[in-house]
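Quick notes on the structure that follows.
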Amino acid sequence: METDQDISPSDNIAAIKARIAKATQEAGRPAAAVGIVAVSKKHGIERIRPALVAGHRVFGENRVQEAQGKWPALKDEYPDVELHLIGPLQTNKTKEAIALFDVIQSLDREKLAKSLALEIEKQGRAPRLFVQVNTGEEPQKAGVSPHNADAFIKTCRQTYGLTIDGLMCIPTVGDEPALHFALLRKLAERNGLAGLSMGMSDDFETAAQLGATHVRIGSAIFGARPV
Ligand SMILES: *Cc1c(COP(=O)(O)O)cnc(C)c1O
């Protein structure tokens, strides 16, 4: 890894941008097509703030409750922050999630689609939505199965009136990530979806080459997560 936890998060972001630029150039894609979601889960405000001061604005958290403890104050200070929910969402937290997040990447079941649609209507606030696909069909992992993705996206759109921006996946550990990224891209293309959230600290260059519009990077920016 070329990044280091002793180096500041903003220096790490700059190094990652350079690596994305190189990867996208090789693939004939513009570097600007790939946005970095800085995954700040488990890190405190003191570790997040330097990235904000340096100008980074797009962040990801995987738990609603943890994000509620950190981000309302930071968003007051930096109103142009774009906060992504990248972890599973329980329907009893939909209200809080709609109020706080600008993008929800973990839409993966009809009950949640229904709950989000009701709450979006109630609050008059519509975060952008990504459908999570369980590309490896792992029983313990969230996400719709690739076989059900087309039908689920249709249900979100037609039954619940939701606008879907893209798809998200987390490849199976030990698999070749490129296979998962290519599958996600195929599913997005055939459903007319522009957004592709794929790639993390260890595989973001591959994802950037295969069409990612969002890479979700935690440890390569903020260092190892505190336990
Ligand atoms: C934690 C997390 C990431 C970031 O992982 P790193 O390997 O630290 O970059 C990305 N996506 C999801 C869904 C995560 O939960």
Side-chain angles (χ1 to χ4, degrees), residues 9-10 13 16-17 20 32-45 47-108 112-133 142-143 153 156-157 160-170 188 193-200 204 207 212-218 221-222:
S10 55
I13 290 171
I16 288 163
K17 278 188 182 160
I20 289 174
V34 186
I36 299 173
V37 181
V39 178
S40 50
K41 66 188 187 196
K42 295 206 168 66
H43 290 287
I45 285 177
R47 192 88 182 127
I48 299 170
R49 192 181 294 281
L52 285 162
V53 170
H56 195 75
R57 290 293 180 269
V58 185
F59 292 84
E61 291 281 346
N62 71 333
R63 299 188 49 154
V64 175
Q65 210 169 344
E66 182 187 337
Q68 280 183 303
K70 298 190 281 189
W71 283 99
L74 290 172
K75 281 186 130 191
D76 279 347
E77 225 177 308
Y78 297 93
D80 55 342
V81 156
E82 181 182 294
L83 191 61
H84 292 237
L85 178 63
I86 60 168
L89 177 56
Q90 303 305 318
T91 46
N92 63 4
K93 289 275 195 309
T94 306
K95 182 177 166 191
E96 289 84 353
I98 293 286
L100 180 60
F101 289 93
D102 304 290
V103 182
I104 294 173
Q105 296 202 8
S106 47
L107 171 53
D108 67 350
L112 182 58
K114 183 177 182 179
S115 172
L116 287 170
L118 283 169
E119 200 56 44
I120 286 168
E121 171 79 21
K122 218 187 266 178
Q123 295 188 29
R125 187 174 194 280
R128 302 206 302 276
L129 301 174
F130 281 57
V131 168
Q132 183 174 351
V133 182
I153 292 161
C156 288
R157 287 169 163 163
Y160 299 105
L162 294 170
T163 299
I164 306 298
D165 267 50
L167 302 179
M168 182 270 249
C169 78
I170 308 168
L193 295 169
L196 277 176
S197 173
M198 56 191 201
M200 318 201 308
F204 66 85
T213 58
H214 297 77
V215 291
R216 309 177 308 269
I217 305 185
I221 293 175
F222 295 106

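Numbers for residues simply follow the sequence, beginning at 1.
Remark: the backbone N or O of I164 is not paired with any side-chain donor or acceptor of R128 at under 3.5 angstrom. In this structure a side-chain-to-backbone donor-acceptor pair under 3.5 Å is present from S106 to G87. Using modelled atom types, one side-chain atom of K70 and one backbone atom of S40 make a donor-acceptor pair closer than 3.5 Å. Looking at K41, its side chain never comes within 3.5 Å of a backbone N or O of G218 through a donor-acceptor pair. Looking at Q123, its side chain does come within 3.5 Å of a backbone N or O of K95 through a donor-acceptor pair. Between the side chain of N62 and the main chain of I86, no donor-acceptor pair closer than 3.5 Å is present. At least one donor-acceptor pair closer than 3.5 Å links the side chain of R47 to the backbone N or O of F222. Within the 3.5 Å criterion, the main-chain N or O of I36 finds a donor-acceptor partner in the side chain of H56.
Aromatic rings of H214 and F130 (six-membered ring for Trp) have centroids within the 6.0 Å cut-off, being under it.
F59 CZ to I221 CD1: the interatomic distance, rounded to the nearest 0.5 Å, is 8.0 Å. Here the CD atom belonging to E77 is positioned 8.0 Å from the CG atom belonging to L52, to the nearest 0.5 angstrom. Distance check, rounded to the nearest 0.5 Å: CG of L162 to CD1 of I104 gives 10.0 Å. Expressed to the nearest 0.5 Å, how far CG of L107 lies from CD1 of I153 amounts to 9.5 Å. Atom CG of L89 sits about 6.0 Å away from atom CG of L116, to the nearest 0.5 Å. If you take CD1 on I170 and CD on Q132, they are separated by 5.0 Å, rounding to the nearest 0.5 Å.
Residue V34 comes nearest to A212 through the heavy atom pair CG2-O, 3.5 Å, listed as atom of the first residue, atom of the second, then distance. The shortest non-hydrogen separation linking E66 to K42 is OE2-N, 2.5 Å. The shortest heavy-atom contact between P9 and A51 is CB-CB, 4.3 Å. Contact detail for L196 and A188: the closest heavy-atom pair is CD2-CB, 3.8 Å. Taking both residues in full, the closest heavy atoms of G199 and A207 are given as CA-CB, 3.5 Å, listed atom of the first, atom of the second, then distance. The nearest pair of heavy atoms linking W71 to V81 is CZ3-CG1, 3.9 Å.
The local environment of CZ in R63 is sparse, with at most 12 non-hydrogen atoms from other residues, nucleotides or ligands closer than 6.0 Å.
No hydrogens or angles considered: a donor-acceptor pair under 3.5 Å links the side chains of Q105 and S197.
Salt bridge R57/D102: absent, no basic N to carboxylate O contact under 4.0 Å.
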### Message
Between S115 and T91, does the side chain to side chain donor-acceptor pair (under 3.5 Å) criterion hold? Intermediate values first, please.
### Response
CA-CA 6 Å; S115 172; T91 46; 5.4 Å; no
Check: Run the side chain to side chain contact (heavy atoms under 4.5 Å, CB included) check on I45 and L74 step by step: do they pass?
Finding: CA-CA 8 Å; I45 285 177; L74 290 172; 4.0 Å; yes
- Query: Does the side chain to side chain contact (heavy atoms under 4.5 Å, CB included) test come out yes or no for Q90 and V64, once each step is laid out?
  - Reply: CA-CA 9 Å; Q90 303 305 318; V64 175; over 6 Å; no
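Under the 4.5 Å side-chain criterion, counting only non-hydrogen atoms from C-beta, M168 is in contact with R216.
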